[in-house]
Amino acid sequence: MTRPQHNETVDAAVENCWRDFPALDQQVNDHRLAYLDSAASAQQPQSVIAAVAEYQRLDHANVHRGVHTLSHRATDAYERARDKIQGFINASSRSEIVLTSGTTESINLVAQSYGRAKFGPRDKILITHLEHHSNIVPWQLVCEQTGAELVVVPIDERGQLVMEAFDEQLTDEVSFLAIGHVSNALGTINPIREMIKKAKALDIPVLVDGAQGIPHMPIDVQELDCDFYAFSGHKMFGPTGVGVLYGREALLDAMPPWKGGGDMILEVSFAGTVFNELPYKFEAGTPHISGAIGLGAAIDYLQSIGLEHIARYEQRLLDYMTRELGKIDGIKLFGTAENKASVQSFLVDDIHPHDLGTILDHQGVAIRTGHHCAMPVMEFFCIPGTARASLALYNTMEDIDQLVDAIDKAKRIFA
Ligand SMILES: Cc1ncc(COP(=O)(O)O)c(C=O)c1O
């Protein structure tokens, strides 16, 4: 696999990691692939693909309930993945790691289990204008069910939260704060430490939607002091259909299960059911075993490079991408916050983003177009959608050059 050289120096720990991702080693529409859609779903390194294949090939069986060797092996591998996740985010106990199908399910779990049982007409749930639909709709549903009110922290023209408004909105009438770590549409890194600290001072529980935070920076849930942190395997180089809800043990322990079925019980009779201990109380049914094993391998991979190296390298890529895109005549950048990670949204002249995305694809450049499941953000800017280039550890300066050249070509086609 050969790639052109770029003059800028890069971080040695990350420099060549694109070689580890087989999907990047291909031509798309007769061009080298420049994959700039990792915020939607990231590619998987060979080690993740191999770990899943190895499990499928030799170890597959159902977990937790078999006496035979394969079931033991599957259970060991599945539970080892939980331990890796615990270490990765520095949770204080493996009981705090609930394996889910992804961020969406993790947030719904909290809304339905914690929220539905606790909220009433006098409660306010505070979210922000930057949220992905996954951190809006579950709260709207629980508001309808309980009579609670949804309150939204506004944003400014750069796509940053208006912190003066947050300070005013965060009163003792707020029963829950649910905030995104990093905006998937604009790349804004929210000041979650400060927000959590302020919420904790009022005893308000906090959920962080970490779907776009976890692939790009080190996360320590104890240091953050959040109550819940939700994320997805497929955005951090693992498989789809698997994700995590970190929850503070005391809170999870007091929450009722939200799904019933096998594995989440200790004893069932027609007179009633005794639920299983944490975290199994929240893991009804056969889990995504291979997905969890793949996620564990993705964590090994990320740790072998180091999240600090990744964050530093990606920041350099993002700075370069922002600078180069900014030089294009007729481009408008959306999301220009001071603190950003890995994403740039834009529109070029009056080219429809879908048309732009299609022409870029013809040149091997994969970007996202549309509302990015953040319709309120689009509404704020009075646009139906944007084109969005998003970065991951395996991107290079050449990918960005290819993006810029492809946009230039699109401009010429539409001129
Ligand atoms: C910020 C954010 N939250 C939540 C989600 C939902 O993730 P999933 O579809 O993996 O559940 C996404 C996916 O794009 C996201 O970017």
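Note: hydrogens, waters and symmetry copies are ignored here, and every other heavy atom, side chains too, is used. Because the structure is a prediction, the values reported are computed rather than measured. Just so you know, ligand 1 is whichever comes first in the structure, and atom 1 is the first atom listed for that ligand.
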Would you mind checking which non-hydrogen protein atom is closest to [atom], with the distance to 0.1 Å?
atom: atom 16 (O) of ligand 1; answer: Gln212 NE2, 2.7 Å
atom: atom 14 (O) of ligand 1; answer: Lys235 NZ, 2.6 Å
atom: atom 15 (C) of ligand 1; answer: His132 CD2, 3.2 Å

**Study point:** Atom indices of ligand 1, in the order listed, that fall short of 4.0 Å to a heavy atom of Ser232
**Key:**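 Counting from 1, the qualifying ligand atoms are 7 (O), 8 (P), 10 (O), 11 (O).
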Practice item. Check each atom of ligand 1 against the heavy atoms of Ser134 and keep those under 4.0 Å away; list them by number with element. Key: 4 (C), 5 (C), 6 (C)
Check your understanding: Judged by modelled atom types alone, do Glu379 and His371 share a side-chain donor-acceptor pair under 3.5 Å?
Key ->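 Result is no, nothing qualifies.
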Point to revise | Cationic N near anionic O, under 4.0 Å, Arg82 to Glu79 | key: yes
Exercise for review: Using a 4.0 Å heavy-atom cut-off, say whether His234 meets ligand 1 through its side chain, its backbone, both or neither.
Suggested key: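 Just the side chain.
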Check your understanding: Under 6.0 Å from the CZ atom of Arg388, do we count more than 12 heavy atoms belonging to anything else shown?
Key ->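 Atom CZ in Arg388 is crowded, with more than 12 foreign heavy atoms closer than 6.0 Å.
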Practice item. Answer yes or no: are there more than 12 heavy-atom neighbours, outside Glu223 itself, under 6.0 Å from its atom CD? Key: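 Yes, CD of Glu223 has more than 12 neighbouring heavy atoms, counting only those of other groups under 6.0 Å.
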Point to revise | Side chains of Ile214 and Ile89 in contact at under 4.5 Å (non-hydrogen atoms) | key: yes
**Study point:** Among Asp405, Asp401, Asp399, the one residue meeting salt bridge (charged side-chain N to carboxylate O under 4.0 Å, His left out) with Arg32
**Key:** Asp399
Review point. With respect to atom 2 (C) of ligand 1, which of Thr240, Asn184, Asp209 exhibits the smallest heavy-atom separation?
Key: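 Shortest heavy-atom distance from atom 2 (C) of ligand 1: Asp209.
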Practice item. Kindly identify the option in Leu130, Val182, Thr104 whose heavy atom sits closest to atom 8 (P) of ligand 1. Key: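 Minimum heavy-atom distance to atom 8 (P) of ligand 1 goes to Thr104.
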